[in-house]
Amino acid sequence: MTLKLHNTMTKAKVPFEPADPKRVTMYVCGPTVYSRPHIGNARPALVFDVVFRLLRHLFGEEHVVYARNITDIDDKINAASQESGRPISDITKEMADIYRGDMAALGVLPPTHEPHATAHILEIITMIETLISGGNAYEAEGHVLFNVPVFDEYGQLSNRNRDDMIAGARVDVAPYKKDPADFVLWKPSSDDLPGWDSPWGRGRPGWHIECSAMIEKHLGQTIDIHGGGHDLIFPHHENELAQSRCSHDGADLARVWMHNGFLTMDKDKMSKSIGNIVTVHELSQEHAGETIRFAMLSAHYRQPLDWSDDLLAQAKNTLDRLYRTLDNLSDVDIPADAKPSDAFIAALSDDVNTPKAMAEMSALCKAANTATSDDERAHLKGQLTTSGAVLGLLQDDPQSWLKSGGDDDAEIDALVAARVAARGSKDFAESDRIRDELSARGITLEDGAGGTKWRRGC
RNA sequence: GGCCGAGUGGCAGAGUGGUGAUGCAGCGGACUGCAAAUCCGUGUACGUCGGUUCGAUUCCGGCCUCGGCCUCCA
């Protein structure tokens, strides 16, 4: 089964061939920790978590190295600190912890490495020195700037030329820049801001250079996959690419560039600057993490996805159905050699087509619900569970999933038992009265061959 | 202005040059004391105008609408 991935650089879906199948490397731009993550921030984390799981499935768990950084030095963090009066390190530590907790709630696996920018200042300085000595960067008024015209291939990833960029530029060009497109590698810090000593005085790194430095340190000069949100293509990834190639004798930074589409709220991009955000924390109060995850993966990662309550409700309904099927398979054990179905892996191998993969899971469900032999039911249970694992779904216990959301299980069990007794004596008036009572409490009953089951929700 | 992407049935959302996935919701049936669940069945969906083709939702071109990037942003 050949994995095919869409490469932003070539705008084509191509077979994925890692440089070393024993060490597949992936880097994804992580959060800048100055506030709680919103659900839009969670999309890349979730998307690349699925890519991570898929790569581990295809190449082996120990053969995939995934790094997702934490940006803990940034002007927005400084602003948050000045506004709240809290020390910067307090804010970054708290928000990084919240980020990890929120992602864990969505079933996102921890990456292999989670490098922090402030722990890589030396590497950053070294890389900047290399760029200066190579003639790709220059110092000006305490700043160090990357000189864009020196790098012929600048603009290749985002498919834009310098004239366009200058024509569309909405920022004032700093007077010390040699070229309007030049961008900052290092900038001076005043005494009240975080800073590190450097050959160019006390200062701090620009945004783009940290990723280049951390990629080199943890993954190497050329990585297999570089991922992030669509809005990072320009300028962030274009600049990363330029810095890394120029400091590595032109070596490619990434073999494949992957970018996820945006989450919208009423068709507008969800973003902190617009203010139309809902945080992961808020959503987690109302919905199971797995429901949020399912909703997110119900669209292909490169497509836009409009976030809504209705989307979550549909996700919950569909997930309930999958868990009901698993619950009905509780009498058979998963075979030791269980693995995902071929059709499921084929779907994910086609540029991580999660909606199609989910459709394959529904097909497995239907097969399981109609299968007659226990061997076949066990086989299908194994396929369903292991397929779900690649998406980070269906790993909960079916009973606890179906009954979660309340703390009155014992009381419900007692009412159900009373109703079973009433039915046994054909007292259907009493039986229906109890069922109505339970229904009013949000409990649904199922009278099956094996007895009566209950679950929360309709 | 430049670049990029999207427009599929009630909703969500894949895919394809020629019987139009899948899920949710709806409807009919089986099953059930009645339900629920499950199963079976069910829907004149592919923005618009042209072109190519024996045949296009799928390829090409124009147009319309919407969104994104070009400044921080996942």
Side-chain angles (χ1 to χ4, degrees), chain A residues 8 11 28-32 34 37-48 74-76 79 155 158-172 181 207 227-236 238 259-264 266-274 277 294-295 297-306 308 310-322 324-325 327-328 347 350 353-363 365-366 368-370 423 426-429 431-432 435-436 438-439 443-449 452-455 458:
Chain A
T8 305
K11 293 184 183 59
V28 172
C29 292
T32 300
Y34 68 102
H38 61 69
I39 189 64
N41 295 314
R43 172 115 101 149
L46 269 166
V47 162
F48 290 102
D74 181 273
D75 288 349
K76 286 193 294 294
S158 55
N159 189 33
R160 57 188 79 202
N161 62 52
R162 276 187 357 95
D163 291 344
D164 295 341
M165 287 184 270
I166 294 163
R170 281 182 256 162
V171 261
D172 294 332
W207 176 38
H230 199 259
D231 57 347
L232 295 183
I233 296 174
F234 189 89
H236 184 52
E238 193 70 71
H259 292 96
N260 63 273
F262 281 104
L263 218 58
T264 57
D266 294 326
K267 305 299 180 192
D268 280 329
K269 174 185 174 183
M270 187 186 291
S271 97
K272 287 172 186 167
S273 44
I274 298 176
I277 63 168
F294 191 100
L297 298 180
S298 66
H300 183 87
Y301 77 92
R302 284 192 282 119
Q303 297 301 116
L305 175 62
D306 201 45
S308 66
D310 195 47
L311 180 73
L312 284 161
Q314 289 196 16
K316 172 73 163 67
N317 281 344
T318 309
L319 211 38
D320 280 354
R321 175 181 147 85
L322 294 171
R324 252 182 255 128
T325 300
D327 193 39
N328 289 333
D350 183 14
N353 193 333
T354 51
K356 196 170 184 187
M358 287 164 145
E360 296 302 337
M361 289 184 24
S362 288
C365 253
K366 179 160 287 190
N369 287 333
T370 52
R423 286 186 77 217
K426 300 215 183 299
D427 183 354
F428 295 122
S431 164
D432 289 351
R435 186 169 61 197
D436 289 345
L438 286 168
S439 176
I443 306 299
T444 303
L445 298 181
E446 289 176 31
D447 296 325
T452 297
K453 288 180 178 176
W454 65 269
R455 67 172 191 274
C458 47

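Throughout, a chain's letter reflects where its sequence line sits, starting with A, and its residues are numbered from 1.
Protein atom NE2 of A/H300 is 12 Å distant from nucleotide atom P of B/G7, rounded to whole Å. Atom CE of A/M270 and atom C1' of B/C72 are 18 Å apart (whole Å). The distance from atom NZ of A/K316 to atom P of B/A25 is 12 Å, rounded to the nearest whole Å. Distance A/M358 CE to B/U22 P: 16 Å, rounded to the nearest Å. One can place CD1 of A/I233 at 10 Å from C1' of B/G5, the figure rounded to the nearest angstrom. Between A/K11 atom NZ and B/C3 atom C1' there is a gap of 8 Å when expressed in whole angstrom units. If you measure from atom CZ of A/R302 to atom P of B/A6, you get 8 Å, rounded to the nearest angstrom. Note: CG (A/N317) to C1' (B/G26) measures 14 Å, nearest angstrom.
Residues A/T318 and A/F294 form a side-chain contact, since some pair of their non-hydrogen atoms from C-beta on lies under 4.5 Å apart. Looking only at side-chain heavy atoms (C-beta outward), A/T264 and A/L305 stay at 4.5 Å or farther from each other. A/H236 has its side chain within reach of A/W207: a pair of non-hydrogen atoms, C-beta onward, lies under 4.5 Å apart. Using a 4.5 Å cut-off on side-chain heavy atoms (C-beta onward), A/F262 and A/D231 make contact.
Considering only side-chain N and O atoms, A/K366 lies under 4.0 angstrom from the phosphate OP1 or OP2 of B/C40. Close to B/A36, at under 4.0 Å from its OP1 or OP2, lies no side-chain N or O of A/W454. The shortest distance between the side-chain N/O atoms of A/N159 and the OP1/OP2 oxygens of B/C4 is below 4.0 Å. In terms of phosphate contacts, A/N353 brings a side-chain nitrogen or oxygen within less than 4.0 Å of OP1 or OP2 of B/G15.
Using a 4.0 Å cut-off between charged nitrogen and carboxylate oxygen, A/K316 and A/D320 count as a salt-bridge pair. The pair A/R160-A/E238 fails the salt-bridge criterion, with no side-chain N (NZ, NE, NH1 or NH2) lying under 4.0 Å from an Asp/Glu carboxylate O.
Comparing B/C46 with B/U32, their P atoms are spaced 41 Å from each other, to the whole Å. With both ends at atom C1', the span from B/A21 to B/U8 equals 12 Å, rounded to whole Å. If you take atom P in B/G13 and the same atom in B/C70, they sit 25 Å apart, rounded to whole Å. Rounded to whole Å, the P atom of B/G68 lies 15 Å from the corresponding atom of B/A74. For the P atom pair drawn from B/C59 and B/A6, the interatomic distance equals 11 Å after rounding to whole Å. Taking the P atoms as reference points, B/U65 lies 37 Å from B/A25, given to the whole Å. B/C3 and B/G47 have their P atoms separated by 24 Å, given to the nearest Å. Between the C1' atoms of B/G5 and B/C27, the separation comes to 38 Å (whole Å).
Applying the Watson-Crick and G-U wobble criteria (two distances, each under 3.5 Å), B/A45 pairs with nothing in any strand. Pairing for B/U38 is with B/A30, a Watson-Crick or G-U wobble pair whose two hydrogen-bonding atom distances lie under 3.5 Å. Partner assigned to B/U58 is none, using Watson-Crick or G-U wobble distances below 3.5 angstrom. Across all strands shown, the partner of B/A6 is B/U65, judged by Watson-Crick or G-U wobble contacts whose two distances both fall under 3.5 Å. Both distances falling under 3.5 Å, in either a Watson-Crick or a G-U wobble arrangement, place B/C11 opposite B/G23.
Residue-level contact check: A/D447 touches the bases, meaning some heavy atom is under 4.0 Å from a base atom. Contact annotation for A/D74: no contact, since no heavy-atom pair falls under 4.0 Å across all strands. Residue contacts for A/K76: at a heavy-atom cut-off of 4.0 Å it reaches the sugar-phosphate backbone alone, with no base atom in range. Within 4.0 Å (heavy atoms only), A/R321 reaches sugar-phosphate atoms of the nucleic acid but no base atom. Using a 4.0 Å heavy-atom cutoff across all strands shown, A/N260 reaches at least one base atom of the nucleic acid. Across all strands shown, A/Q303 has heavy atoms under 4.0 Å from sugar-phosphate atoms exclusively, and none from any base. Among the atoms of the strands shown, base atoms are found under 4.0 Å from some heavy atom of A/L445. When heavy atoms are screened at a 4.0 angstrom cut-off, A/S431 is found touching base atoms of the nucleic acid. Using a 4.0 Å heavy-atom criterion, one finds that A/L263 contacts the bases of the nucleic acid, with or without backbone contacts as well. Among the protein residues, A/G448 comes within range of no part of the nucleic acid, since none of its heavy atoms lies under 4.0 Å from any strand. Residue contacts for A/K426: at a heavy-atom cut-off of 4.0 Å it reaches no nucleic acid atom on any strand shown. Residue A/N41 is classed as a base contact, given a heavy-atom separation below 4.0 Å to a base. Within the 4.0 angstrom heavy-atom criterion, base atoms lie near A/H38.
Each of B/C39, B/G13, B/U38 was ranked by its minimum atom distance to the side chain of A/R324; first place goes to B/U38. Of the candidate nucleotides B/C40, B/C4, B/C11, B/C4 has the atom lying nearest to any side-chain atom of A/H230. Of the candidate nucleotides B/C11, B/A35, B/A74, B/C11 has the atom nearest to the side chain of A/Q314. With B/C24, B/A37, B/G13 as the candidates, the nucleotide lying closest to the side chain of A/P355 is B/G13. For A/A359, taking side-chain heavy atoms from C-beta onward, the closest of the listed nucleotides B/C69, B/A21, B/C39 is B/A21.
Nearest-nucleotide mapping onto RNA chain B: of A/T370 and A/T318, the residue sitting toward the 5' end is A/T318. In terms of position on RNA chain B, the residue among A/T444 and A/A299 whose nearest nucleotide sits closer to the 5' end is A/A299.
Remark: the A/D306 side chain and the B/C11 base include no donor-acceptor N/O pair separated by less than 3.5 Å. Judged by distance alone with a 3.5 Å cut-off, no donor-acceptor contact links the side chain of A/D268 to the base of B/G67.
Between A/F428 and B/G33, a base-stacking contact is recorded: ring centres under 5.5 Å apart, planes less than 30° from parallel.
Between A/H230 and A/H259, the ring planes are perpendicular. Angles over 60° get that label, and only those under 30° would be called parallel.
Within a 6.0 Å radius of NZ in A/K11, other residues, nucleotides and ligands contribute more than 12 heavy atoms.
Checking side-chain atoms of A/R43 against main-chain N and O of A/G261 turns up a donor-acceptor pair under 3.5 Å.
Evaluated for a side chain to side chain contact (heavy atoms under 4.5 Å, CB included) with A/K453, the options A/D327, A/D447, A/L445 yield exactly one hit, A/D327.
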